[in-house]
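Everything below concerns the one structure shown next.
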Amino acid sequence: MANRRSIIAGNWKMNKTGAEARALAEAFVKEVGAFSGCDIVLCPPFTALEAVRAAIAGAKNIALGAQNVHFEASGAYTGEISVGMLKDAGCAYVIIGHSERRQYFAECDSLVNKKAKAALAGGLKPIVCVGETLDVRDAGGTEKLVRAQIAGGLAGLTAEQMASVVVAYEPVWAIGTGRTATPAQAQEVHGWIRDELKKLFGPAVAGATRIQYGGSVKASNTAELCGQPDIDGALVGGASLEAKGFADIVRAGAKG
Ligand code: PEP
């Protein structure tokens, strides 16, 4: 099996003020600040990036990430944040194409692609999210959709750039619902994603790319999900808002 290092990311979404975020990050650092079994990323809201940066400063396995970015470098884009601004705020990662961005802000694969390219050009590692709705799954369209999201979102990237890309498979019906994909369901889709990566970029890139699972991950289901051959960690929403529980997920999700 390929030797991919697990990566566990916490997506705090639109939760936590600066002070709350700092307290949560400090409590989390107490739990796993010295843990070296996997890569860890905390993705607070933009307004709490600085507070979390300060809290994780001494923990070299914990990186800072943002939840969104604009593809232009600067200019008249009211309310948007650029790659350079995120780098300046201490970010190493950025989540791109989360299903909530796709659902509420009409993000499509070509926009995801522009953002991924801008992130990579500016030295940020994109966590590119894909996943099907329940309607698509019930209609048997998961494989086709997810392959199209991968092909569209990662179009034109080089093999070298792919070394900095993380993919997150997040079935929309499992996000924030308490309804997790079974390990077998998740593994099946991760296998399709890896196969699509192979078609697009060849076997070496496909074998090296980390693919996280996301959707109602909690401490009790992490080990089994992350124990699947093509699952290389987790993108965690709700359960990342509590330090001890998220630390348990990190410990359970580390492999090899
Ligand atoms: C997410 O939003 O990326 C997510 C997986 O959320 P939750 O863990 O709450 O389902």
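Start at 1 and go down the list; that is how both ligands and their atoms are numbered.
Side-chain contact between Leu235 and Ile95 is present, with at least one heavy-atom pair separated by less than 4.5 Å.
Using a 4.0 Å cut-off to heavy atoms of Asn11, the atoms of ligand 1 that qualify are 2 (O), 3 (O). Taking a cut-off of under 4.0 Å to the non-hydrogen atoms of Gly215, the atoms of ligand 1 that pass are 5 (C), 10 (O).
Looking at Asp135, Thr133, Val136 one by one, the single match for side chain to side chain contact (heavy atoms under 4.5 Å, CB included) with Val172 turns out to be Thr133. The side chain to side chain contact (heavy atoms under 4.5 Å, CB included) with Val165 is formed by just one residue from the set Ile127, Val205, Leu120; it is Leu120.
One option in Gly176, Gly10, Gly237 has a heavy atom closer to atom 10 (O) of ligand 1 than any other, and that option is Gly176.
At least one N/O-N/O distance between Glu170 and ligand 1 falls below 3.5 Å. Annotation: Val236 places no N or O atom under 3.5 Å from an N or O atom of ligand 1; distance criterion only.
The closest side-chain donor-acceptor pair between Asp109 and Gln149, if any, does not fall under 3.5 angstrom.
Under 4.0 Å is where a charged nitrogen must lie from a carboxylate oxygen, and between Arg251 and Asp248 at least one such pair does. Salt bridge status for Lys30 with Glu26: absent, with no side-chain N to carboxylate O gap under 4.0 Å.
Scanning all protein heavy atoms for the shortest distance to atom 1 (C) of ligand 1 gives His98 NE2, 3.2 Å. Of the protein's non-hydrogen atoms, the one nearest atom 9 (O) of ligand 1 is Gly238 N, 2.8 Å. Nearest to atom 2 (O) of ligand 1 among the protein's heavy atoms is Lys13 NZ, 2.5 Å.
Distances shorter than 4.0 angstrom occur between a heavy atom of Ala174 and an atom of ligand 1.
Judged by a 6.0 Å distance limit and a 45° cone about the ring axis, Lys125 is positioned over the six-membered ring of Tyr93.
If you look at Ser240 next to ligand 1, there are no close heavy atoms at all, none under 4.0 Å.
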